[in-house]
Amino acid sequence: MTSRKHYWLMKSEPDTFSIDDLKKVGIEPWNGVRNYQARNFMRAMKVGDGVLFYHSNCKEPGIVGTATIATTAYPDDTQFDPTSDYYDPKSTREEPRWSLVDVKFDRALKRTITLDEIKRHADDLGEGFALIQRGSRLSVLPVTAAQWKFLLALE
DNA sequence: GCCAACGTTGGC
DNA sequence: GCCAACGTTGGC
């Protein structure tokens with residue numbers, strides 16, 4: 001039995017780490033997630049899962065590329081590093097609190113599928129698309145196969 | 001276990 | 001830069 005491919009959306013602030021940065025490095029450990037729900041989604045990821053790369057907190061928020069999950073979840077080392085912004089004194093190596101996955105560049109979209117545009121298609125995307133749910137700030141969230149297809153067809 | 005205070009996210 | 005929404009912390 002092979003498990004089915006799942007899809008996700010991951011946010012990044014382009015000033016910190018953009019789709020171009022991912023293209024340059026090829027593969028990136030997605031460190032710094034410090035939200036339990038987002039962490040749990042990463043722990044559910046499988047190698048080969050699809051990722052919509054989303055630029056947040058910028059002039060034109062939206063989906064700018066796709067990526068692939070390259071590893072299953074493993075401990076985020078930055079949680080143990082007192083000099084890191086992501087240091088968590090309550091986490092131990094025996095029981096790491098935070099996980100990450102490696103994300104591999106797939107491609108940059110020809111144009112940004114803007115948040116504004118995504119909102120206008122809310123009805124087509126169906127209920128419960130966490131990205132456009134009121135007040136949602138999740139930085140890692142699931143996308144259905146149908147949503148994946150629909151969103152990329154907007155390109 | 002409640003909840004006020006605080007910090008962060010992220011669109012605008 | 002503002003601020004609404006949300007998650008977390010910590011006093012009680």
Side-chain angles (χ1 to χ4, degrees), chain A residues 6-25 28-45 49-69 73-144 146-148 150-155:
Chain A
H6 287 86
Y7 300 94
W8 311 92
L9 182 144
M10 298 174 91
K11 297 181 187 174
S12 186
E13 301 191 9
D15 287 350
T16 307
F17 191 80
S18 70
I19 188 72
D20 290 335
D21 293 325
L22 184 62
K23 185 176 185 175
K24 255 175 253 161
V25 298
E28 175 76 3
W30 207 261
N31 59 29
V33 172
R34 295 293 179 269
N35 170 283
Y36 288 105
Q37 214 179 337
R39 179 205 68 182
N40 292 341
F41 286 137
M42 287 202 293
R43 287 183 177 177
M45 288 175 179
D49 281 359
V51 176
L52 296 173
F53 195 105
Y54 178 93
H55 280 175
S56 69
N57 213 356
C58 58
K59 197 173 274 179
E60 195 180 47
I63 297 162
V64 294
T66 63
T68 307
I69 298 301
Y74 62 96
D76 179 348
D77 267 339
T78 62
Q79 70 195 300
F80 308 121
D81 177 3
T83 67
S84 168
D85 284 348
Y86 304 127
Y87 178 58
D88 184 346
K90 289 177 183 159
S91 189
T92 65
R93 293 210 177 253
E94 292 69 38
E95 273 184 77
R97 199 185 262 205
W98 305 111
S99 303
L100 56 71
V101 294
D102 286 0
V103 174
K104 186 167 139 261
F105 178 77
D106 181 12
R107 70 185 182 98
L109 301 193
K110 291 191 283 286
R111 65 176 191 90
T112 301
I113 298 166
T114 64
L115 176 61
D116 186 62
E117 197 176 349
I118 294 166
K119 281 179 176 166
R120 278 189 271 117
H121 287 289
D123 288 347
D124 305 297
L125 290 162
E127 294 298 309
F129 187 41
L131 180 71
I132 51 177
Q133 265 169 18
R134 213 176 81 101
S136 173
R137 301 179 319 186
L138 262 185
S139 63
V140 177
L141 51 103
V143 176
T144 66
Q147 288 164 346
W148 170 277
F150 181 87
L151 288 165
L152 290 178
L154 294 175
E155 182 186 10

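To find a chain, count down the sequence lines: A is the first, B the second, and so on, and within it residues start at 1.
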Hey, is A/Arg120 close enough to A/Asp116 for a salt bridge, meaning N to O under 4.0 Å?
yes
Measure from the side-chain N and O atoms of A/Asp49 to the backbone N and O of A/His6, and report whether any donor-acceptor pair falls under 3.5 Å.
yes
Once you apply a heavy-atom cut-off of 4.0 Å, does A/Lys59 come out as touching a base, just sugar-phosphate, or nothing?
nothing
Can a donor-acceptor pair be found, under 3.5 Å and without considering hydrogens, that links the side chain of A/Ser12 to the backbone of A/Phe17?
yes
Take the angle between the ring planes of A/Trp30 and A/Phe53 and call it parallel below 30°, perpendicular above 60°, tilted in between.
perpendicular
Is the backbone of A/Thr78 close enough, under 3.5 Å, to the side chain of A/Asp81 for a donor and an acceptor to pair up by distance?
no
Select from A/Asn35 and A/Lys90 the residue whose nearest nucleotide in DNA chain C is closer to the 5' end of that strand.
A/Asn35
Whether A/Asn31 side chain and A/Leu100 backbone form a donor-acceptor pair below 3.5 Å:
no
In this structure, is the centre-to-centre distance between the rings of A/Tyr36 and A/Trp98 below 6.0 Å?
yes
Check whether A/Gln79 reaches the backbone of A/Arg97 with its side chain - one donor and one acceptor, N or O, closer than 3.5 Å.
yes
Using the criterion of both pairing distances under 3.5 Å for Watson-Crick and G-U wobble pairs, give all stems of 3 or more consecutive pairs involving DNA chain C.
B:1-12 with C:1-12
If a protein heavy atom is under 4.0 Å from the base, mark B; if only from the sugar-phosphate, S; if neither, -; do that for nucleotides 7-12 of chain B going 5' to 3'.
BBBBBS
